[in-house]
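The structure appears right after this line, and notes come after that.
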Amino acid sequence: MLEVADALAEVLARARPRSPQLMPLEPGNVGGVLAEDVTADRDAPPFDKSLRDGYAVRSTDRFDAELCVVEEIPAGVVPRKAIGPGECARIYTGAPIPAGADAVVMQEDTTAAGDRVRINAAPRPGAWVFRRGAEMRTGEVVVAAGTILTPAAIGVLVGVGRARIETHRFLDVGVVATGDELVGASEAPGPGQIRNTNGPMLTALACQAGTHGCDNGIARDTRESLRAVIGPALDNNNVVLIAGGVSAGKFDLVPGVLAELGVTAHFHQVRMKPGKPLLFGTRGDTLVFGLPGNPVSALVCFELFVRPALRKMAGHADPGPRVVNLPLAAAVVESNDRPTYRPAKLEPAAVGWAVRPLDGGTAPDLRGMAPADALLALPAGDARYDAGTPVRVVLIGKQD
Ligand SMILES: Nc1nc2c(c(=O)[nH]1)N[C@H]1C(S)=C(S)[C@@H](COP(=O)(O)OP(=O)(O)OC[C@H]3O[C@@H](n4cnc5c(N)ncnc54)[C@H](O)[C@@H]3O)O[C@H]1N2
Ligand code: MOO
């Protein structure tokens, strides 16, 4: 059986970044990855700019007498007069500094008297002036290829006049839930039935990972039904997530149906708990994950294998998962023959952060997983970990 690290390497080796595409720059690009170097089309700020409401002055002036206010300069207005000795201009935040002036005195540090003003605190040269080009110079690369499109990066791109950018193509991710026992959210489960939580949950995970996640509904535990739902999902998506029907039972038909549909399986089973039955395959460039049906197992497999694959395909240099060492906020007792992942929550500690194990969250217990923002990654074996012990923690959900 494959170890988690080897299984992840196998997945990542087959998850190739998507080709770049010119796209309209929109707020919805947030979380994507820029695929080109973007340069500044002009200096920013484009002129020496006031950072305060106050008076533009000559820092070398004498401030023992009142200065004469020769002009008022709101933001958006071009100054017309140069400031000479004994003169100043009324100026507002964002307005261009007039010629001759080299500093701004905040209005709180002045006493106005008609068209004259007394400066109560002499400024240093350059005080409250944001120099032309201090943020960026014309032609300079301001957002490099590979940069994650944070809201601020989107603002910078808009600031240099970009209406379109090259980014990696969005991924289409199709989700298929399998099982005769499943009914939809609005239906009342009959005897032996449960609601389909995996479909919506995995679709939400795919959307959270910045893809077009699409819930393709429920396939029943027959070859015909599985083929009818999984076949089109394979045709129409870059990644297909199938939940359930991948372990050892008589009705676990997914591996056989995937083979019939032309999917090559690269591994089936990983030494981990939960999530052991995970199947990974490909058909052409399409990645296929046969996720275990237990909802927590499906979620853990998504975080450890699917999210990194989606990140790599979307152009992220670091596919993750992000693993940190943190002290436990409470003791944990674990006994297992496989490396184990348990739901946990990060919390501030006296110094830095700690990780608190959550109750429940075993393979079928999705409720216990719902508040988690991390997984404790505990090695196989019997052990008690006291509060304060550093443990490996996998951060889950959206990281950037
Ligand atoms: N003899 C063995 N039995 C099992 C093994 C094994 O190795 N040998 N593995 C166990 C492990 S570990 C897991 S995890 C499960 C996974 O089984 P499957 O992937 O085949 O999933 P199912 O049997 O279809 O379902 C398991 C469980 O999850 C519920 N389920 C399924 N789909 C959904 C859904 N969309 N929403 C909510 N809940 C769902 C299903 O009703 C079952 O209770 O197998 C163990 N068995
Ligand atoms: O390993 Mo399974 O995924 O525990 O329930």
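Values reported hereafter were calculated over all heavy atoms of this structure, with side chains retained and with hydrogens, waters and symmetry mates removed. Whatever order the structure lists ligands and atoms in, that order sets their numbers, starting from 1.
Side-chain atoms of Asp215 come within 3.5 Å of backbone atoms of Gly217 as a donor-acceptor pair (strictly under, hydrogens ignored). Looking at Arg283, its side chain does come within 3.5 Å of a backbone N or O of Leu261 through a donor-acceptor pair. The main-chain N or O of Pro20 is never found under 3.5 Å from a side-chain atom of His168 such that the two would form a donor-acceptor pair. Under a 3.5 Å cut-off, the side chain of Asp48 and the backbone N or O of Arg132 do form a donor-acceptor pair.
Under a 4.0 Å N-O distance rule, the pair Lys250/Asp252 does not qualify as a salt bridge.
Applying the 4.0 Å criterion to heavy atoms of Gly275 picks out, from ligand 2, the atoms 1 (O), 2 (Mo), 3 (O). Listed by atom number, the atoms of ligand 2 under 4.0 Å from Asn294 heavy atoms are 5 (O). In the vicinity of Ser297, heavy-atom distances shorter than 4.0 Å reach the ligand 2 atoms 2 (Mo), 3 (O), 5 (O).
Sorted pairs that involve residues 288-301 and meet salt bridge (charged side-chain N to carboxylate O under 4.0 Å, His left out), not counting sequence neighbours, are lacking altogether.
Under 4.0 Å from any atom of ligand 1, one finds heavy atoms of residues Ala177, Thr178, Glu181, Leu182, Ile194, Arg195, Asn196, Thr197, Asn198, Gly244, Gly245, Val246, Ser247, Ala248, Asp252, Lys276, Pro277, Pro292, Gly293, Asn294, Pro295, Ser297.
The nearest pair of heavy atoms linking Leu182 to Arg220 is O-NH1, 2.8 Å. Taking each heavy atom of Asn198 and Gly293 in turn, the nearest pair found is ND2-O, 2.7 Å.
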**OP:** Verify side chain to side chain donor-acceptor pair (under 3.5 Å) between Arg307 and Gln208, making sure each step is shown before the conclusion.
**Re:** CA-CA 10 Å; Arg307 192 186 293 277; Gln208 185 194 44; 2.7 Å; yes

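Taking only non-hydrogen atoms, the option from Lys273, Met272, Gln269, Lys276 nearest to atom 4 (O) of ligand 2 is Lys273.
From the protein, the heavy atom lying nearest to atom 5 (O) of ligand 2 is Ala363 CB, 2.9 Å.
Only the side chain of Arg338 comes within contact range of ligand 2, with a heavy atom under 4.0 Å; no backbone atom does.
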